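This report refers to the structure that appears directly beneath it.
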Amino acid sequence: TVATQEKQKVCKEWVSLLAVTNIPLSRTDYPKIREFLNQRVRNGGAIPGGHQLQEHYLLLLFDEHVESLKMKIHGKHLAVILDEMSDNSGWYVLNILVSTTEVKDGGCLDAQLLDRRRITQRYRRR
């Protein structure tokens, strides 16, 4: 239905906004943000809580991102970048990035996140 399509659209746009601004999806559950969404955003009341956003919409957007990335890099020379770091919970995380070898304006590569894997070993702060 039209209502379902509109809900999907607003939820995907909300998750995309939070993702590019590095704001946790759980912030959607904060009372002031929920109040703002309900009162000031058209169809803002249709946006579910952070857990459902993460379980459904984030994965949906990630799949769309990977598909568009595949189309963007098809047939081009690639650089694969592996970046190990620890997250805020102390788990090692391996970020797998990919970039074409074409240099953008300013001499930079346009690296895109392809995958993120949690490594089973935990980081111990000393």
Side-chain angles (χ1 to χ4, degrees):
T1 67
V2 175
T4 303
Q5 290 174 342
E6 191 60 33
K7 177 182 177 179
Q8 291 254 340
K9 181 181 175 186
V10 73
C11 289
K12 285 171 61 176
E13 288 176 1
W14 178 249
V15 170
S16 180
L17 170 74
L18 294 178
V20 300
T21 56
N22 202 25
I23 298 173
L25 298 178
S26 61
R27 291 292 201 296
T28 303
D29 299 327
Y30 281 31
K32 282 291 190 188
I33 292 179
R34 179 56 58 192
E35 180 182 327
F36 176 81
L37 289 172
N38 289 335
Q39 293 177 359
R40 302 287 184 183
V41 177
R42 183 173 163 237
N43 294 324
I47 297 174
H51 182 74
Q52 188 175 352
L53 291 173
Q54 183 175 350
E55 290 292 314
H56 180 69
Y57 294 98
L58 186 62
L59 295 174
L60 186 66
L61 278 174
F62 186 76
D63 290 343
E64 289 176 7
H65 169 73
V66 170
E67 286 305 312
S68 69
L69 186 57
K70 286 179 184 178
M71 290 173 37
K72 183 178 178 181
I73 64 176
H74 180 75
K76 296 183 179 178
H77 294 280
L78 300 176
V80 177
I81 304 152
L82 302 176
D83 176 43
E84 182 184 333
M85 58 185 271
S86 61
D87 66 12
N88 60 356
S89 299
W91 288 98
Y92 282 117
V93 177
L94 179 66
N95 293 316
I96 304 168
L97 300 110
V98 66
S99 175
T100 62
T101 55
E102 300 166 351
V103 177
K104 295 281 187 188
D105 293 336
C108 298
L109 294 176
D110 184 24
Q112 302 286 319
L113 180 65
L114 183 62
D115 200 0
R116 174 174 284 155
R117 298 289 171 121
R118 179 179 276 178
I119 301 172
T120 56
Q121 183 179 0
R122 244 186 125 135
Y123 170 72
R124 292 190 181 133
R125 293 187 174 99
R126 295 182 178 160

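Keep in mind that what you see is a predicted model, and the values were worked out from it rather than measured.
Interatomic distance, CG of Leu37 versus OH of Tyr30, reported as 14.0 Å (0.5 Å rounding). We find the CD1-CG distance between Ile47 and Leu18 to be 8.5 Å, quoted to the nearest 0.5 Å.
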I'd like to know whether Ile96 forms a side-chain contact (heavy atoms from CB on, under 4.5 Å) with Leu82, so could you lay out the CA-CA distance, the side-chain angles of the two residues, the decisive distance to 0.1 Å, and finally the verdict. CA-CA 5 Å; Ile96 304 168; Leu82 302 176; 3.8 Å; yes
Show your working on side-chain contact (heavy atoms from CB on, under 4.5 Å) between Lys12 and Leu61 and close with a plain yes or no. CA-CA 7 Å; Lys12 285 171 61 176; Leu61 278 174; 4.1 Å; yes
Would you please test Val41 and Trp14 for side-chain contact (heavy atoms from CB on, under 4.5 Å) and show each step? CA-CA 11 Å; Val41 177; Trp14 178 249; 5.9 Å; no
Show your working on side-chain contact (heavy atoms from CB on, under 4.5 Å) between Thr28 and Arg34 and close with a plain yes or no. CA-CA 6 Å; Thr28 303; Arg34 179 56 58 192; 3.1 Å; yes
Between Lys9 and Glu6, is the salt bridge (charged side-chain N to carboxylate O under 4.0 Å, His left out) condition met? List the steps. CA-CA 5 Å; Lys9 181 181 175 186; Glu6 191 60 33; 5.1 Å; no
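Considering all non-hydrogen atoms of both residues, Val93 and Arg116 come closest at CG1-CG, 3.3 Å.
With a 4.5 Å cut-off on side-chain heavy atoms, Leu78 and Thr100 count as touching. Looking at Leu53 and Pro48, their side chains come closer than 4.5 Å, going by heavy atoms from C-beta outward. Residues Asp110 and Lys72 are in side-chain contact: their nearest non-hydrogen atoms beyond the backbone lie under 4.5 Å apart. A heavy-atom distance below 4.5 Å is not found between the side chains of Gln5 and Gln8.
Judged purely by atom type and a 3.5 angstrom limit, Asp29 uses its side chain to pair as donor or acceptor with the backbone of Gly50. For the pair His65 (side chain) and Gln112 (backbone), a donor-acceptor distance under 3.5 Å is absent.
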